[in-house]
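In listed order, ligands and their atoms are each counted from 1.
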Amino acid sequence: MKGTFPIERFVQLRTPFYYYDTTLLRETLDTINREASRYTNFCVHYAVKANANPKILGIIRQSGLGADCVSGGEIRAALKAGFPAEKVVYAGVGKSDWEIELGLENDIFCFNVESVPELEVINELAAARNKIARVAFRINPNVGAHTHANITTGLAENKFGIAMEDMDRVIGMANSLQHVKFVGLHFHIGSQILDMSDFVALCNRINELQEHLVQRHIIVEHINVGGGLGIDYQHPNRQAIPNFAEYFAIYHKHLKLYPGQTLHFELGRAVVGQCGSLITRVLYVKQGAHKQFAIVDAGMTDLIRPALYQAYHKIENISSEAQSETYDVVGPICESSDVFGKAIDLNRCQRGDLIAMRSAGAYGEIMASGYNCRELPVGYLSDELI
Ligand code: LLP
């Protein structure tokens, strides 16, 4: 089954562009809020890195979610979209001084700290402003996730977080510093996770760490379990809204929270992934020696996931119902990796046909580049095209 698109409006627009179905986005947000609010102490943040289009951020902010940022630029984008600073968390393995200062100036909810030298710099910069920075430690739980090697983050070999063995020393240090307040523990094991047992493994590891801390009379204000819930790239229409009920229930069932503790989530892909498609036009159909190519006007500069992670995006010819033929769907960039899909069955393509690359709402538009001096793709909301 293909997606439904306002093709009559599309034909007037310059391609390539991103198209966001705001009805689906709003339904997804409503589902998140409904399912999370079953548990009084759950707080959901949106991982801005997945898509920072200001119009999308505006809709997400209206729904009441907080913002998870990984750079000063993302903090600015979130504040500009109206996210309250007290709902902004800031993570990142290499925070620059100006980025830390921006967080301090705005009194953000929390810095997720990834190393001792970073903790010292935050303390110094906070002292210079006579402030106390709220900090959580990102702990590397050494829990693997069944996902692509480039997007697993919670293994000891990854650059992220503080090793579990160093946790006590770092907490001791934070408690001795005057201008930081240690308030939480942060974790994130990877992205596009569909095997729920990975989240159970994370819960078990957090329980062990918390038991250890409780013996030392330390109960933090909050636990942040990051994001990572995956989406169905193969069948974008089958369950367009991910199973948030199951996801939150897993944490409720397996994670032991202590009185007064809140549980924070940082979801990106599961929020915006399915509402976005990259729309492109067929420029040429070229017969090769052994196969045929559909050459489209979008390239890896517009959607880099297939080239970078060998990621699959469902491709549909939304202009045609003609008999299917098999194509390699490729872009115009001077790189052999500029391929969206090989041996893809599409309704027979002609020059000018519109092609949709589905499930591109997350890590699509935001990862676009200007390589080959190409223009960045525009993003349109379905509301704007009525
Ligand atoms: N929290 C932290 C600390 C993260 O590093 C990430 C994603 C998230 C939350 C949000 O994860 P999500 O819910 O979206 O899985 N560009 C890659 C994905 C990189 C994810 C990086 N971190 C892709 O296109 O698949």
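Lys2 and Ile318 make their closest contact through NZ-CA, 4.3 Å (heavy atoms, listed as atom of the first residue, atom of the second, distance).
Near Ala47, the atoms of ligand 1 lying under 4.0 angstrom from a non-hydrogen atom of the residue are 10 (C). Less than 4.0 angstrom separates some heavy atom of Arg138 from each of these atoms of ligand 1: 3 (C). Of all atoms in ligand 1, listed by their number and element, those nearer than 4.0 Å to a heavy atom of Met367 are 16 (N). Distances below 4.0 Å separate heavy atoms of Leu267 from the following atoms of ligand 1: 13 (O). Short contacts between ligand 1 and Gly227, defined as distances under 4.0 Å to a heavy atom of the residue, involve ligand atoms 9 (C), 13 (O). Of all atoms in ligand 1, numbered sequentially from 1 with element shown, those under 4.0 Å from a heavy atom of Gly268 are 12 (P), 13 (O), 14 (O). Close contacts between ligand 1 and Asp68 involve ligand atoms 1 (N), 9 (C) [criterion: under 4.0 Å to a heavy atom].
Of the N or O atoms in Tyr363, one or more lie within a sub-3.5 Å distance of an N or O in ligand 1. Here's the thing with Arg305: one of its N/O atoms is less than 3.5 angstrom from an N/O atom of ligand 1. Residue Ala270 places no N or O, backbone or side chain, under 3.5 Å from any N or O of ligand 1. For the pair Gly228 and ligand 1, the shortest N or O to N or O distance falls below 3.5 Å.
Under 4.0 Å is where a charged nitrogen must lie from a carboxylate oxygen, and between Lys49 and Glu74 no such pair does. Taking the charged nitrogens against the carboxylate oxygens, Arg129 and Glu105 do have a contact shorter than 4.0 Å, which makes a salt bridge. Glu118 has no carboxylate O lying under 4.0 Å from a charged side-chain N of Arg138, or vice versa, which leaves the two without a salt bridge.
If you check the side chains of Glu365 and Tyr20, you find a donor sitting under 3.5 Å from an acceptor.
Under a cut-off of 6.0 angstrom, the local environment of NZ in Lys55 is crowded, with over 12 non-hydrogen atoms contributed by other residues, nucleotides or ligands.
Contact of the Pro306 side chain with the His313 side chain is registered, since non-hydrogen atoms from C-beta on lie closer than 4.5 Å.
When non-hydrogen atoms are compared, ligand 1 lies under 4.0 Å from the side chain of His188 (C-beta onward) but not from its backbone.
Pairs of residues two or more places apart, or lying in two chains, that qualify as ring-ring contact (aromatic ring centres under 6.0 Å, His included) and include a residue from residues 263-286 are Phe42-Phe265, His45-His264, Phe109-His264, His222-His264, Tyr247-Phe265, Phe248-Phe265, Tyr251-Phe265.
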